[in-house]
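When reading the values below, keep in mind they use all heavy atoms of this one structure, side chains included, and skip hydrogens, waters and symmetry mates. Note that the structure is a prediction, hence the values are computed from the model and not measured.
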Amino acid sequence: MKPIKLLSGFLTVGFWTLASRILGFLREILITAYIGPGPLMDAFVAAFRLPNMFRRFFAEGAFNAAFVPMFAKRVESGDDPQGFAQEAFNLLAATVLLLVGLGMVFMPALVWATAGGFVGDARFDLAVGYGQIVFPYILFMSLAALFSGVLNATGRFAAAAAAPVLLNIFACAAMVVGAVLGGEVISWLIWTIPVAGVAQLALVWRATSKAGIHLRPGLPRWTPQMKTLVRVALPAALAMGVTQINLVVGQQVASDIENAVSWLFVADRLYQLPLGVVGIAIGIVLLPDLSRRLRAGDDAGARDAFSRAGEFSLLLTLPSTAAFLAVPVVLVSVLYERGATGADDVAAIALAVAIYGAGLPAFVLQKVLQPLYFAREDTRSPFHYALVAMVINAALAFGLKPYLGWIAPAIAATVAGWAMVACLWLGARRMGEVARFDQRFYDRSLRILAASAIMGAVLFGVVQQFGWLFYLPSWRYLALLGLIVLGAVVYFGVAQVIGAVRLGDLKRSVRRGGKA
């Protein structure tokens with residue numbers, strides 16, 4: 001049985017996720033430059049969010065939260081993992097194929113339910129048309145997520161982590177080609193999304209076959225194993241999809257305000273960089289590792305892995321939060337202010353980035369805490385906590401809108417994120433010491449927070465003194481690169497001096513507990 005090494009797994013998934021997010025930045029830069037905040041971009045965001053929302057339920061959200069622990073146990077015990085994966089593949093394919101058919105037929109209703117403010121203007125018909133083109137993407141991505149779950153559960157992370165890169169490569173290439181040929185860039189972008197989904201599915205399908213798990217299309221069977229899988233997956237659907245649901249609520253609230261949907265979308269994509277690199281990487285690697293440790297009765301190893309995952313998450317998340325709070329305007333301006341995106345758009349996006357940034361540690365900690373439940377096949381508790389977070393999000397988003405306008409959804413999402421963390425943390429206490437961070441986690445976390453605060457203060461001071469450099473066309477990119485390098489040097493330098501991080505200790509600790 002191939003062991004799972006947490007640190008190498010974090011780094012593998014983190015590297016490919018970083019590559020995907022960087023290319024995602026390029027994708028959003030091209031979208032804001034060629035299309036820009038306005039009716040076309042608002043309609044694209046509403047349409048593209050639909051398959052992404054359902055993907056959280058049927059793919060790497062609910063389905064994988066249930067599938068990975070159950071498959072990992074069968075891999076560990078040799079209890080026909082191939083047969084279990086094949087049954088899951090057939091059931092998932094049939095279910096999502098039915099969903100795609102219904103979604104194509106009832107697309108106007110879906111757009112109305114998620115972006116009601118579009119009704120009565122051109123954005124509604126545009127969003128319906130775009131949605132019918134991109135919605136089949138969920139079928140390819142859901143099946144790709146199953147293959148990724150198989151690979152992750154067997155300790156093979158590279159192909160599954162690399163697959164999302166293809167979407168951004170295809171999207172960026174399509175927009176550039178469309179612009180060069182003089183066509184409608186938005187049309188090139190929309191039609192490319194399902195094509196990219198096919199490519200992603202092909203990549204992980206081939207990798208799974210090379211790993212010795214051979215899955216082929218077949219008719220679904222309602223077996224006791226599948227009943228258990230569905231019973232576990234249904235509560236996880238909401239628990240894992242709460243962030244997407246909150247984003248859709250925010251979109252509904254903002255949809256009657258011109259450009260607001262586009263502003264929130266761009267801000268969301270910016271803070272998704274550290275969330276993807278750190279939070280998603282940890283969630284992907286930690287879940288199968290905890291599942292196998294708990295099955296083996298290795299409580300000490302499970303607690304160490306959980307604590308090191310939390311420590312590693314804050315190590316990279318808190319400085320990102322400090323940067324988003326200290327210099328959001330500079331970040332947004334250099335990355336997005338060009339073409340169809342102007343200074344007013346930058347100011348609005350930067351405000352949303354700062355607010356989302358305050359919730360970033362919460363969104364990452366959710367990825368650390370949720371595997372404690374999913375590894376025990378407990379999806380009901382996170383489901384109940386997600387309900388609490390959703391109610392808080394909706395109440396604040398709708399309640400604050402009359403007073404704060406379009407920014408209310410960002411505030412609501414951040415507060416709801418921290419509420420979800422509080423529920424998960426308090427609920428895990430009944431699991432005993434194995435589900436509690438060790439003392440080293442708390443000691444290091446306070447030092448990481450201090451180092452991040454110092455770094456943020458330095459960046460703020462530099463921008464106050466030399467902010468004009470970031471608005472000179474010939475200097476702005478070099479200036480941003482210099483600011484990033486300065487922040488990294490200050491953060492890691494201070495962190496090393498005050499004992500916030502000792503990478504050698506972290507690596508030895510993870511390796512010592514890295515085998516399942």
Side-chain angles (χ1 to χ4, degrees), residues 53-74 84 87-88 91-92 95-96 99 142 145-146 149 152-153 222-246 248-249 279-280 282-284 286-295 299 302-303 306 309-310 362-395 416-437:
M53 178 182 68
F54 284 106
R55 186 183 75 182
R56 300 296 183 187
F57 299 145
F58 290 94
E60 60 270 273
F63 186 82
N64 265 7
F67 173 77
V68 170
M70 297 173 71
F71 180 76
K73 288 181 179 180
R74 284 167 173 78
F84 178 74
E87 289 184 355
L91 180 62
L92 180 65
T95 302
V96 180
L99 173 67
S142 296
L146 182 143
N152 294 336
W222 191 241
T223 65
Q225 292 183 127
M226 292 302 98
K227 290 180 182 178
T228 301
L229 180 65
V230 171
R231 176 181 57 79
V232 175
L234 283 177
L238 185 56
M240 292 293 284
V242 63
T243 301
Q244 285 296 316
I245 293 175
N246 288 345
V248 170
V249 170
I280 295 175
I282 285 175
I284 287 173
L286 187 59
L287 177 55
D289 187 65
L290 281 180
S291 300
R292 291 162 64 175
R293 288 183 185 281
L294 291 173
R295 178 177 176 82
D299 287 356
R303 186 187 189 195
F306 170 62
F363 302 136
V364 172
L365 286 173
Q366 288 178 31
K367 304 294 184 182
V368 177
L369 291 164
Q370 283 174 334
L372 290 174
Y373 297 86
F374 298 147
R376 293 167 170 81
E377 297 181 16
D378 174 11
T379 53
R380 292 185 179 274
S381 296
F383 167 78
H384 296 145
Y385 305 150
L387 283 178
V388 173
M390 285 177 56
V391 169
I392 292 173
N393 176 76
W418 282 109
M420 182 71 171
V421 168
C423 290
L424 289 167
W425 182 72
L426 291 172
R429 296 180 69 83
R430 68 175 184 271
M431 301 175 190
E433 290 296 318
V434 68
R436 298 179 184 178
F437 292 119

Completion exercise
Output for pair (Met431 CE, Tyr373 OH), nearest 0.5 Å, gives 4.5 Å

Practice task
For residues Gly427 and Tyr385, report the shortest heavy-atom separation together with the two atoms involved.
Solution key: CA-OH, 3.2 Å

Exercise for the section: Over all heavy atoms of both residues, which pair between Ala309 and Val368 is shortest? Give the atoms and the distance, please. Expected result: O-CG2, 4.2 Å

Handout entry: Minimum-distance pair of heavy atoms, taken over all atoms of Asn393 and Ala416
Key = CB-CB, 3.7 Å

Problem - Under 3.5 Å donor-acceptor, Gln366 side chain and Gly417 backbone - result: yes

Handout entry: side chain to side chain contact (heavy atoms under 4.5 Å, CB included) involving Arg429 - partner list, sequence neighbours excluded
Key = Trp425, Leu426, Arg436

Exercise for the section: Give the minimum heavy-atom separation between Ala428 and Ala435, together with the two atoms involved. Expected result: O-CB, 3.6 Å

Completion exercise
Rounding to 0.5 Å, atoms SG (Cys423) and CG (Leu387) come to a distance of 10.5 Å

Problem - Residues in side chain to side chain contact (heavy atoms under 4.5 Å, CB included) contact with Ala419, at least two apart in sequence or another chain - result: Ile392

Practice task
Only counting residues at least two apart or in another chain, list the ones meeting ring-ring contact (aromatic ring centres under 6.0 Å, His included) with Phe437.
Solution key: Phe306, Phe441

Handout entry: Nearest heavy-atom neighbours spanning Leu92 and Ser142
Key = CD2-O, 3.4 Å

Practice task
Apply the test side-chain contact (heavy atoms from CB on, under 4.5 Å) to residues Leu91 and Trp222: give CA-CA distance (whole Å), side-chain angles for both, the deciding distance (0.1 Å), then the verdict.
Solution key: CA-CA 8 Å; Leu91 180 62; Trp222 191 241; 4.3 Å; yes

Exercise for the section: Sequence neighbours left out, what pairs pass salt bridge (Lys or Arg N to Asp or Glu O under 4.0 Å) with at least one residue falling in residues 386-395? Expected result: none

